[in-house]
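Contents: one structure, followed by commentary.
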Amino acid sequence: MPHGVVMEQAQALDELAERQWGVATRAQLLSIGITRDQLRWRIGRAWRCPLPGVVLLGRGLPDDRQQLVAAQLFAGPKAWLGGQSALAAHEAFGATVRTPVQVYVPAPCRSRHVQWVTVRSTTLVSEPLTLRGPLRVSCLPRAVVDAAAGLPSDAAAALMIEAIQGGRVRLADLEHWMNTRGVRGRAAIRRAVGVVASGAWSVPEADLLRLLATSTVLPQAWANPDLYGEDGGRLTTPDVWFDEVGLAVMVHSRRFHGAELDWVSTVEADSDLVAAGVIVLGVTPMSISRSASTVLARVEAAWRSAARRRWRPPVTAVRRLTRP
């Protein structure tokens, strides 16, 4: 082979490897002039095939990014990443690359599962895709909804709450993708969207709000309002707030704190509310799920006690929008 041709082939290979993070299809390699004999020789010595028709241009195992590229290339030129795999590509909410990697293809391409890749055919093809280098990635709201569809209800709600709280998606967009997708996982998604719409910041908080709404004694509770003291300083945000009487209900759970010190600091943070004259009642997720009637009775008793004192603490509460 002439030297000039070899140089052009090497340059084209370098550009392809850089553009696709060290991963290519057999067809792409043949298109830049690599012969079938060369391809067979290199795959046996310097390259490896992580998926049928896909070549890793190196001897090591593919890293996370290369796994995503390989899965997308395997599924075809119109494929894009979805669900949990899309969240990982977005680097959102601590999502990591897990197998099977989830890839979408437009109908009538067929769905299939090959090795560590799941390819799903979809008729929902009009979404705005995000480009991350060589990756074509589902828009973040759809990725959140599709990832939630494969999770238990509580985990699905936690994911959606994190997405909303972080300001990266809007509730209306989550509802849109919930309403347009198929039935798989729809029950978990609907419950999760309901939790988010309530304004709760956790599943136990949402459960508590639903419980309090059954009371014939209590007025409507506020979820996570901003509180300010008499001097205008910011106070701890209560999980549930009854503005008429200045009653705060806090859901304390070790599950949502990574260490003992986090738990202690969370509980002690309520002290600024007490100092401001707020009545603070603490409950746990376990008591909400196992002793709902007792929890409701405790909150009603605390509300009556706060109402009897005929004095409201000098704090200002700003209600949060439940539909960010």
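Reckoned from all heavy atoms, side chains included, excluding hydrogens, waters and symmetry mates. All figures in this text were calculated on a predicted structure; none of them were measured in a lab.
With values rounded to the nearest 0.5 angstrom, Asp14 atom CG is found 9.5 Å from Leu16 atom CG. Considering CD of Glu127 and SG of Cys139, their distance stands at 4.5 Å, rounded to 0.5 Å. Taken from CG in Leu227 to CZ in Arg234, the straight-line distance is 8.0 Å, to the nearest 0.5 Å. Here the CG atom belonging to Leu87 is positioned 10.0 Å from the OG1 atom belonging to Thr96, to the nearest 0.5 angstrom. Atom NE2 in His113 sits 10.0 Å away from atom CZ in Arg120 (nearest 0.5 Å). Leu174 contributes atom CG, which lies 11.0 Å from atom NE2 of His176 (distance to the nearest 0.5 angstrom).
Asn224 and Glu205 form a side-chain donor-acceptor contact under 3.5 Å, judged by distance and modelled atom types alone. The closest side-chain donor-acceptor pair between His252 and Thr284, if any, does not fall under 3.5 angstrom. Gln28 and Gln20 share a donor-acceptor pair across their side chains, judged by distance under 3.5 Å alone. Side-chain contact check for Asp272 and Thr236: at least one donor-acceptor pair (N or O, by modelled atom type) lies under 3.5 Å.
A distance-only check finds a donor-acceptor pair linking the side chain of Asp239 to the backbone of Val251 [under 3.5 Å].
Judged as a ring pair (Phe, Tyr, Trp, His ring centres under 6.0 Å), the pairs with a partner in residues 45-99 (not counting sequence neighbours) are, in order, Trp80-Tyr104.
Residues Leu247 and Val278 are not in side-chain contact: their nearest non-hydrogen atoms beyond the backbone lie 4.5 Å or more apart.
The pair Arg319-Asp243 does not count as a salt bridge, with every side-chain nitrogen at least 4.0 angstrom from each carboxylate oxygen.
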